[in-house]
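To start, the structure itself, in structure tokens.
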Amino acid sequence: MNRPSRRETGVPSWRRLTGLVASVVVLLVLAALTSALTGKDLFEAAGDLLGRDGSSGSSSTGSGAGGASPEASDARWNPSGQEVTEARERLAEIEIAEPRPRGDYERKEFGSSWIDTDKNGCSTRNDVLRRDLEDARVNADCKVLEGTLEDPYTGKTIEFSADKPQAVQVDHLVPLSLAWRMGASEWDRDKRVQFANDPDNLFASDGPANMQKGDAGPGEWKPYEGFQCSYAVSYVDVTLDYGLPIAREDKAGLEEMLGTC
């Protein structure tokens, strides 16, 4: 009588089990690295790497789901001469202050990751991906399945797929950790949640470039030269709109980037 194989009895092979454990370990290591560099908590970072954002993967539709329009992204990436002039004037109005030491920031203070603050049925992450990706394909639950990103941080063209979501990440222009150190720790929770999900403070960007940026301000990190003007204009707007001060070196970095306009 033939003995049934391990596969036939439903017992997984040690090789498959070892591979599964290795995959989990790699995910946790990458999530920990992302968390350390971007200020996100471990579970949020793991969710980003897996493309998890609270939406399910039901039947696919066209790109007409709810969310910000592509035109909103185009306008922000091409500031007019008047907007540049206003940004220079507004920058002069922003208070100068030194950031508090790192240490007590926790991502959960800015609410759960990628909630639907504008009540359009789509998570903030999917709203931003749909806005910033060209030819975005979106399913019935608002989840962005694929698209093309003209990356503002590196100038590269990146093909996004929900199967490999870590290639394109949604970055906070003014990092949450830095905002916390500059005064957001004194805000109420509702204002912090609004800030974390404000489309004006969010960009779809190259994953590795986002991780390299981490929680650095414009005095420490800059995108490639072709986007520095737009980056600085948006940074000044968000900072002043939320009443945040900036560090002296960040002001100098913004002035330098506005000089590229």
Side-chain angles (χ1 to χ4, degrees), residues 66-97 99 117-118 120 124-134 136 147-158 168-176 178-179 182-184 187 191-192 194-206 209-210 213 215-261:
S69 67
E71 289 77 11
S73 177
D74 290 341
R76 196 163 57 136
W77 290 15
N78 298 284
S80 66
Q82 181 179 347
E83 288 172 325
V84 172
T85 299
E86 290 176 353
R88 292 192 176 106
E89 294 171 350
R90 299 186 86 194
L91 179 58
E93 301 173 14
I94 300 177
E95 176 187 353
I96 301 297
T117 55
D118 59 4
N120 70 345
T124 303
R125 177 178 181 272
N126 282 309
D127 279 345
V128 172
L129 287 175
R130 179 177 175 270
R131 180 195 68 190
D132 291 354
L133 296 179
E134 296 180 5
T148 303
L149 176 68
E150 298 298 331
D151 179 44
Y153 286 179
T154 65
K156 299 187 302 184
T157 299
I158 303 171
V168 173
Q169 299 175 8
V170 175
D171 179 47
H172 289 92
L173 174 69
V174 180
L176 301 186
L178 179 58
M182 297 305 295
W187 297 347
K191 185 173 181 178
R192 287 197 292 263
Q194 176 186 347
F195 181 80
N197 290 271
D198 188 338
D200 288 341
N201 192 37
L202 295 168
F203 284 105
S205 62
D206 174 65
N210 178 33
K213 174 190 173 186
D215 66 351
E220 299 177 81
W221 185 91
K222 298 177 179 64
Y224 91 109
E225 187 173 353
F227 188 66
Q228 288 182 14
C229 176
S230 300
Y231 187 91
V233 169
S234 294
Y235 199 102
V236 169
D237 286 346
V238 171
T239 299
L240 194 58
D241 288 350
Y242 281 89
L244 287 170
I246 56 174
R248 192 170 303 279
E249 59 267 29
D250 288 339
K251 181 178 181 180
L254 290 168
E255 289 173 338
E256 180 182 339
M257 286 192 277
L258 286 172
T260 68
C261 296

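For the numbers below, each heavy atom of this structure counts, side chains included, while hydrogens, waters and symmetry mates do not. Everything numeric here is computed off the predicted structure, so don't read it as measured data.
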Worksheet item: Is Arg192 reaching over with its side chain to a backbone N or O of Ala184, donor-acceptor style, under 3.5 angstrom?
Response: yes

Item to complete: To the nearest 0.5 angstrom, please state how far the CG atom of Leu149 sits from the NZ atom of Lys156.
Response: 10.0 Å

Practice prompt. Could you tell me how the ring of Phe203 sits relative to the ring of Tyr231: parallel (under 30°), tilted (30 to 60°) or perpendicular (over 60°)?
Written response: parallel

Give me the atom names and distance for the closest heavy-atom approach of [X] to [Y].
X: Pro223; Y: Met257; answer: CD-SD, 3.9 Å
X: Phe195; Y: Ala179; answer: CE2-CB, 3.6 Å
X: Pro99; Y: Leu178; answer: CB-CD1, 4.4 Å
X: Val238; Y: Asp200; answer: CG2-O, 3.5 Å
X: Cys229; Y: Thr260; answer: N-OG1, 3.5 Å
X: Ser205; Y: Asn210; answer: OG-CB, 3.7 Å

Distance only, no hydrogens: is a donor on one side chain within 3.5 Å (strictly under) of an acceptor on the other, for [X] and [Y]?
X: Asp250; Y: Tyr235; answer: no
X: Tyr153; Y: Asp171; answer: yes
X: Thr124; Y: Asn197; answer: yes

Worksheet entry | 4.5 Å side-chain heavy-atom contact, Pro175 and Lys213 | yes

Worksheet entry | Pairwise side-chain contact, Leu202 with Leu173, heavy-atom cut-off 4.5 Å (strictly under) | no

Practice prompt. Dump the intermediate steps for side chain to side chain contact (heavy atoms under 4.5 Å, CB included) on Asp151 and Tyr224, then the final yes or no.
Written response: CA-CA 10 Å; Asp151 179 44; Tyr224 91 109; over 6 Å; no

Discussion item. For Tyr242 and Lys191: C-alpha separation, side-chain torsions, deciding distance, then whether side chain to side chain contact (heavy atoms under 4.5 Å, CB included) applies.
Written reply: CA-CA 9 Å; Tyr242 281 89; Lys191 185 173 181 178; 3.9 Å; yes

Discussion item. Determine whether Asp206 and Val168 satisfy the following criterion, side chain to side chain contact (heavy atoms under 4.5 Å, CB included), listing intermediate values before the conclusion.
Written reply: CA-CA 5 Å; Asp206 174 65; Val168 173; over 6 Å; no

Could you go through residues 85-95 and list every donor-acceptor pair under 3.5 Å that involves a side-chain atom there, pairing it with any protein atom two or more places apart or in another chain?
{"from": "Thr85", "atom 1": "OG1", "to": "Gly81", "atom 2": "O", "distance (Å)": "3.1"}
{"from": "Glu86", "atom 1": "OE2", "to": "Gln82", "atom 2": "NE2", "distance (Å)": "3.1"}
{"from": "Arg88", "atom 1": "NH2", "to": "Leu258", "atom 2": "O", "distance (Å)": "2.8"}
{"from": "Arg90", "atom 1": "NH1", "to": "Asp237", "atom 2": "OD1", "distance (Å)": "2.8"}
{"from": "Arg90", "atom 1": "NH2", "to": "Asp241", "atom 2": "OD1", "distance (Å)": "3.0"}

